[in-house]
Amino acid sequence: MKPAAFDYIAPRTVPEALDALADGDRMTQVLAGGQSLLLEMHLERIRPDLVVDINRIPELDHLRVIDNTLQVGALIRHQVFESAQAAPGPLGSLFALAVVNIAHPPIRSRGTMVGSFGWGHPASEWCAIAMALDADIQLQGRQGARTVAARDYFHGPLTTERRPGELITSVTYPLLTEDTGVGFIEHRRTHFCFAQVAAAAVLTAHDGVIREARIGLVNCADRPLRAHAAEQALTGVEIGPPADGYQLPESHPFARAGRIAAEQDADPIAEPYAGLEYRRHAIAVVTARTLCQAANDHRSRSGKSQGDGQ
Ligand SMILES: Cc1cc2nc3c(=O)[nH]c(=O)nc-3n(C[C@H](O)[C@H](O)[C@H](O)COP(=O)(O)OP(=O)(O)OC[C@H]3O[C@@H](n4cnc5c(N)ncnc54)[C@H](O)[C@@H]3O)c2cc1C
C-alpha cells in the first residue's frame, strides 16, 4: 500500500523542528531512520498530517562521553554499535552483543538507537538495556528540556512518557567499570524476526562474589523490563567456576535466577507461536544462559587486568 498524503518538512535546527512539531491541530511524526515509521505509514496504521524529518540537524548527530556517561544523539544509527569500540569498556561489548540481533544490516544502517525510544516496542533490545542500566532519556519541547529515567519512561506497548510535540534529543547510559561482565542472548523464530525473548545481563563482582547484578528483559511483558527479583537473588552469590549455559544444574544460582525472572519479574503475553508456558520456560533458560555469558566475560576481563598488572 502507499501511505496517505502527508506534508513533509526537513528543519536544520532543533528549535525549527520543535516549532513544526508544536502544531497542535495536525498529527505530526518525527522521521529518524524511518525503519518503523515508514512501514506503519505504508500499512496506514499511522497517518500523519506532517512528517518532520530530523536527518539534517547536525546537533543531533553526536556520540560523546560526558563524565561517566555515554550520550547517544538522536541521529546515531544502530550500525555504529557493531564495533565494540563505539562505546568505552564493557558498555561497548554489551552494545555489540545486542545490536546484531536488530533486524538486518540495511535496517541497522538507517534505523537509530534513539528512534527505538520514540517507538517504544516491548521487543526493543536497546530499551531493555536502558532499563537494566538505569539510562536517562533527554526530551525537548518548546516549553523546555527534561530528562526522564528509563524506569519511568515506558508505559505500555508503543506508549511512552514522551508528550506530543517533544523531540528525544539523546539517551544517556552510565559507563561500566572493568570489573563488570556483560552478556546478551536472544531467542527468536527466524533471524530477522523480533525477539521472542532476550536478556541483557551485567554482573559486577569482587573477589569472586557478585556485588551487583542487572538484568534487562526483552519482550517479556507489555514493555521493556528490569528483573529486580532475579537480580536480588544474585547479590552476594559466588560467581563460581565457568559453567556451560546449556547444561546448568537446576540448583545453580543462575538457573535459579532464570526461574525467578520468568516467574516473578516477567509478565509475558501469549503469542501465536509461543504460549505462556513456553514463553516462561524460554525466559528462564535465556536469562540463565545470559548470566553464564556475563560471568565468563567477567572472568576474561579480570584475567586480562591481572595480566596487565604483571
Ligand atoms: C523487518 C524489521 C525488523 C526489525 N527488527 C527489529 C528488532 O529486532 N529490534 C528492534 O529494536 N527494532 C527492530 N526493527 C525496528 C528498527 O530497529 C527501527 O529502526 C527502530 O524501531 C526505530 O528507529 P528509526 O530511527 O528507524 O525510527 P523511525 O521509524 O523514524 O521512527 C519510529 C517512531 O519513533 C518516533 N521517533 C523517532 N525518533 C524520534 C526522536 N528523536 N524524537 C521523538 N520521536 C522519535 C517517530 O516519530 C516514530 O513514531 C525492525 C524493523 C523492521 C522493518
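For ligands, and for the atoms within them, numbers begin at 1 and follow the listed sequence. Along the sequence shown, residues carry numbers from 1.
Within the set T169, I107, V218, V51, the minimum heavy-atom distance to atom 1 (C) of ligand 1 is found for I107. Which of G34, G111, G115 comes nearest to atom 28 (P) of ligand 1 through a heavy atom is settled by distance: it is G34. The heavy atom nearest to atom 31 (O) of ligand 1, out of those in L158, L37, V99, is found in L37.
Of the charged side-chain nitrogens involved, at least one lies within less than 4.0 Å of a carboxylate oxygen, so that E271 and R279 count as a salt-bridged pair. Residues R226 and D134 are paired through a salt bridge, judged by an N-O separation under 4.0 Å between the basic side chain and the carboxylate.
Using 4.0 Å as the threshold, E125 has a heavy atom nearer than that to some atom of ligand 1. In this structure, H78 counts as a contact residue of ligand 1, since one of its heavy atoms falls inside 4.0 Å of the ligand. Heavy atoms of I54 come nearer than 4.0 angstrom to ligand 1 in at least one pair. Using a non-hydrogen distance threshold of 4.0 Å, R162 registers as a contact of ligand 1.
Considering both main-chain and side-chain atoms, Q35 comes within under 3.5 Å of ligand 1 through a nitrogen or oxygen pair. Between L38 and ligand 1, not a single N/O pair is under 3.5 Å apart. Some N or O of V30 is nearer than 3.5 Å to an N or O of ligand 1, by distance alone. Geometrically, ligand 1 and E166 share no nitrogen or oxygen pair separated by less than 3.5 Å.
Among all protein heavy atoms, the one lying closest to atom 14 (N) of ligand 1 is F194 CZ, 3.5 Å.
The number of heavy atoms from other shown groups lying within 6.0 Å of CG (D207) does not exceed 12.
Of the heavy atoms in R110, none comes closer than 4.0 Å to ligand 1. With a 4.0 Å heavy-atom cut-off, ligand 1 is reached by the side chain of V114 but not by its N, CA, C or O. Only the backbone of N101 comes within contact range of ligand 1, with a heavy atom under 4.0 Å; no side-chain atom does.
Screening H228, M131, E231 for a side-chain contact (heavy atoms from CB on, under 4.5 Å) with R214, the sole residue that qualifies is E231.
V182 and I239 are not part of a single hydrophobic cluster, where members link through side-chain heavy atoms under 4.5 Å apart.
Each of the atoms 20 (C), 22 (C), 23 (O) of ligand 1 lies under 4.0 Å from some heavy atom of S116. With ligand atoms numbered from 1 in the order given, ligand 1 contributes 3 (C), 4 (C), 5 (N), 6 (C), 7 (C), 8 (O) to contacts under 4.0 Å with heavy atoms of A103.
With sequence neighbours excluded, the residues that form a side chain to side chain contact (heavy atoms under 4.5 Å, CB included) with I107 are Q35, A103, H104.
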